[in-house]
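Report on one structure; see the data block that follows.
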2 protein chains.
Amino acid sequence: MSQSAQRPTGPNRPQRSQSLQSSQGEPGGSGRVSARTAAGSARPTLEEVAALAGVGRGTVSRVVNGSPRVSEKAREAVNAAIAELGYVPNRAARTLVTSRTDSIALVVPEAETRLFSEPYFSDIISGVSAELAETDMQLLLILVRNQRERERLSAYLTAQRVDGVLLVSVHQDDPLPSLLESLEIPSVLAGRRGDLEPLSYVHADNAGGARMAVRHLLRRGCEEVATITGPLDMEGARARLSGYRQALEEAGRPYQEELVGPGDFTEEGGRLAMRELLERRPGLDAVFCASDVMAAGALQVLRAAGRRVPDDVAVIGFDDSIVARHTDPALTSVRQPIEEMGRTMARLLLEEIAEQGRARRQVVLATELVVRESA
Amino acid sequence: MSQSAQRPTGPNRPQRSQSLQSSQGEPGGSGRVSARTAAGSARPTLEEVAALAGVGRGTVSRVVNGSPRVSEKAREAVNAAIAELGYVPNRAARTLVTSRTDSIALVVPEAETRLFSEPYFSDIISGVSAELAETDMQLLLILVRNQRERERLSAYLTAQRVDGVLLVSVHQDDPLPSLLESLEIPSVLAGRRGDLEPLSYVHADNAGGARMAVRHLLRRGCEEVATITGPLDMEGARARLSGYRQALEEAGRPYQEELVGPGDFTEEGGRLAMRELLERRPGLDAVFCASDVMAAGALQVLRAAGRRVPDDVAVIGFDDSIVARHTDPALTSVRQPIEEMGRTMARLLLEEIAEQGRARRQVVLATELVVRESA
DNA sequence: GTAGAGTGTGGGAGCGCTCCCACGGAAGGC
DNA sequence: GCCTTCCGTGGGAGCGCTCCCACACTCTAC
């Protein structure tokens with residue numbers, strides 16, 4: 001414990017061995033290879049900026065991080081040096097000391113993936129990314145496809161590798177929200193588990209959209225308006241059903257169980273439900289479907305049964321997905337502002353991270369009825 | 001420069017000021033807030049593991065990184081200590097010294113986004129993510145929507161913040177591939193710019209798929225097979241056209257310019273092209289469309305023109321997107337294995353990163369004809 | 001004049017890791 | 001017997017930052 005006078009090759013540029021490993025290395029090993037691209041000139045460090053600007057490291061750091069307690073003169077010198085050297089702060093070094101990672105994760109349980117109305121995922125991402133573009137937050141994407149990966153995620157989050165989490169999840173019993181809750185990591189959900197969701201969330205006004213749709217049908221003179229619901233363990237599906245009910249009741253119509261067909265957001269589910277509804281209530285003249293995909297299924301059954309849409313039976317879907325534009329006739333549908341949901345989620349999360357805050361936020365975004373041919 | 005005996009509050013737990021900022025802070029500032037969640041017990045460090053296992057830091061590091069030069073006894077002691085403490089290596093610290101980030105970026109020029117056949121993006125992500133799940137690579141998502149963001153990306157990559165890049169890009173003149181080339185950062189493209197693509201890439205056998213489709217039409221007895229192409233500045237679109245041509249020629253049919261309608265992968269483009277084709281060649285009895293969306297447009301025009309599909313005119317699309325399943329009649333289409341493309345891209349990239357290699361790889365994945373009602 | 005309260009600044013210490021040198025002990029060669 | 005190798009190992013140094021203390025230095029009071 002004493003030969004401290006011996007220093008290695010160089011003070012600043014540790015020589016890494018360039019020896020190549022045996023051609024392929026052992027397969028399956030974690031394959032450590034001396035990393036360090038042969039890349040060109042080394043990246044300038046904060047210290048070099050300080051030297052060039054003729055100030056201390058502290059001052060450069062203050063300038064870079066926008067601290068107000070820096071003289072105008074020093075600030076200018078530093079900024080000039082930064083520009084000259086093309087300095088970019090090293091994120092890892094910063095993270096190491098602040099334990100702030102400047103990145104957030106978008107977590108998607110892949111099971112849900114199949115229920116997404118099609119451009120959903122891209123739209124969410126697009127919104128999130130747009131909001132993040134102004135900051136220097138990184139977006140990490142994490143798909144969780146099974147229990148093992150859920151555990152990995154848990155370890156991952158515990159290891160504080162992100163500053164916050166956006167979770168796209170809708171199922172009542174998804175374990176992920178609770179995980180986030182117990183980890184006390186800033187997070188925002190797309191959708192919510194129920195009325196009492198304790199986490200921050202953003203969702204579309206499902207009930208309002210459904211109400212609009214059904215009002216539209218009633219206004220058109222429909223007398224027997226049926227509905228095909230989504231899986232009722234999803235809050236969104238429940239809300240759409242209750243919107244349907246509200247619209248009927250406000251029009252003084254009775255809510256009849258017989259007119260409610262349980263679906264599951266799939267096309268086949270839509271077909272099944274439609275068949276049952278037709279059997280129970282052959283006189284129905286309108287169907288509000290809780291998703292476009294189910295509506296597409298319903299459309300097929302209606303046509304097979306010889307009903308003309310919209311003349312005999314008017315049909316409305318939900319999501320305004322691509323499917324809506326390609327059915328025949330094209331579907332009238334309720335649009336959710338998905339990209340804006342993404343943007344809002346990101347914004348809320350950034351706020352929550354910034355204020356270290358316990359304050360939960362919830363935002364409901366308006367939906368909109370897009371009228372096409374089917375109603 | 002001498003009072004080195006003074007240490008701060010504690011050796012291990014630097015006290016950060018907990019003072020709150022004035023409620024909202026100045027809007028627009030870079031809003032630095034002392035980061036550090038009130039989180040519970042501190043994460044164990046490698047040093048603590050070493051202490052518990054009764055070995056040195058070096059040995060723990062070797063075990064964690066799978067070095068073979070560790071005695072069985074030491075390895076066991078270390079692993080036990082790791083398990084007991086729940087140790088997870090600090091990524092930032094590791095990155096700081098290795099300048100390896102263990103993360104890769106999926107870069108998507110958002111302009112292209114609109115051309116994606118719908119589940120494309122999710123499928124790519126799903127594949128990439130599946131492949132990465134086994135490693136401890138992180139997936140960063142970067143959408144690039146304009147010149148400014150392209151520059152930011154460039155700075156980002158120069159700053160070595162990822163070990164490699166997956167680029168979803170197809171346009172001939174996209175500047176991003178060249179950027180990657182000049183940065184010499186490991187990267188893999190989805191699709192390629194042309195035959196001579198110097199970067200690694202994965203793409204579907206577009207020509208082969210088109211050939212299959214056209215052969216299918218000819219086998220059904222079609223005599224006048226037209227095609228609606230994609231934008232020909234995209235290699236994929238060109239390949240589909242040349243597959244069409246090949247199939248005709250191998251059947252001894254002439255390739256006729258008149259039967260080629262230029263499209264742009266949009267529905268409106270499909271409609272336009274179909275109208276022109278019908279005008280030029282009213283006798284055509286089949287159309288191979290380079291995308292499902294264009295096929296959907298073509299279908300509308302054909303119906304409006306009183307042509308029955310498939311009886312009068314057979315139609316085949318490309319992509320096997322959701323659209324294909326919802327048109328009337330449902331579209332026969334060429335399926336690309338998109339998720340597998342994602343998986344393959346990730347795999348190639350990992351290889352390229354591991355071997356620091358200059359070796360470029362290119363993989364072509366087979367396509368498949370999905371026969372439905374339209375042909 | 002001196003005490004007191006700022007305000008800008010430099011730079012030590014330390015974040016948690018990997019790298020690599022040096023060392024002790026076991027195994028082999030003469 | 002001694003001199004080499006060869007392994008497994010401990011631990012110093014250092015990656016590039018931020019934090020914070022201490023030191024000028026300037027004002028304002030008394």
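Here is the naming used below: chain letters follow the sequence lines, and residue numbers restart at 1 for every chain.
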With B:Leu350, which of B:Glu134, B:Met137, B:Glu355, B:Met345 fulfils side-chain contact (heavy atoms from CB on, under 4.5 Å)?
B:Met137
Candidate nucleotides D:dT9, C:dG8, C:dT18, ranked by approach to the side chain of B:Ser61 - the nearest:
C:dT18
5'-most contact on DNA chain C (nearest-nucleotide basis), B:Leu96 vs B:Gly58, goes to B:Leu96
Considering residues at least two apart in sequence or located in another chain, which fulfil the side chain to side chain donor-acceptor pair (under 3.5 Å) criterion with A:Glu149?
A:Arg145
If you look at every strand shown and take non-hydrogen atoms under 4.0 Å, does B:Ala92 touch a base, only sugar-phosphate, or nothing?
nothing
Could you tell me whether the side chain of A:Arg62 has a donor or acceptor atom within less than 3.5 Å of a complementary atom in the base of C:dG10?
yes
I want to confirm an ordering. Mapping B:Arg75 and A:Ala93 to their closest nucleotides on DNA chain D, which one lands closer to the 5' end?
B:Arg75
Pairwise distance CD(B:Glu131) to CG(B:Leu166) - rounded to 0.5 angstrom:
10.5 Å
Quick one: pull up CD in A:Gln138 and CZ in B:Arg161 and give me the separation to the nearest 0.5 Å.
6.0 Å
Among D:dG16, C:dT9, D:dG14, find the nucleotide with the atom closest to the side chain of A:Val70.
C:dT9
Length of the CD-P vector between B:Glu47 and D:dG10, whole Å:
12 Å
Can you check the A:Arg161 CZ to C:dG16 C1' distance for me, whole Å?
14 Å
To the nearest angstrom, the CD-C1' distance between A:Glu48 and D:dG16 comes to 10 Å
Please give, in whole Å, the distance from D:dC25 C1' to A:Lys73 NZ?
13 Å
A:Leu46 CG to C:dG10 P, straight-line distance once rounded to whole Å
12 Å
Counting side-chain heavy atoms from CB outward, which of D:dG8, C:dT9, D:dG10 is closest to B:Thr59?
D:dG10
Figure out the CZ/P separation between B:Arg100 and D:dC15, and round it to whole Å.
18 Å
What's the closest nucleotide to the side chain of A:Ala74 if the choices are C:dG14, C:dC17, C:dT9?
C:dT9
Just verifying a value: how many Å separate A:Leu348 CG and A:Ser187 OG, rounded to the nearest 0.5 Å?
11.5 Å
With the side chain defined as heavy atoms from C-beta on, A:Thr98 is closest, among C:dG10, D:dT18, C:dG16, to D:dT18
May I ask you to say what A:Ala50 touches in the nucleic acid, namely base, sugar-phosphate or nothing, with a heavy-atom cut-off under 4.0 Å?
nothing
So CG of B:Leu167 and CD1 of B:Ile142: to nearest 0.5 Å the spacing works out to 10.5 Å
Tell me the interatomic distance from A:Arg69, atom CZ, to D:dT18, atom P, rounded to whole angstroms.
18 Å
At less than 4.0 Å, is any side-chain N or O atom of B:Asn65 found next to OP1 or OP2 of C:dT18? Yes or no.
yes
Candidates C:dT9, D:dG16, C:dT18 - which lies nearest the side chain of A:Ser71
C:dT9
Taking the side chain of B:Arg94 as its heavy atoms from C-beta onward, which of D:dG10, C:dT18, D:dC17 lies nearest to it?
C:dT18
Under-3.5 Å donor-acceptor pair between A:Arg57 side chain and D:dT18 base:
yes
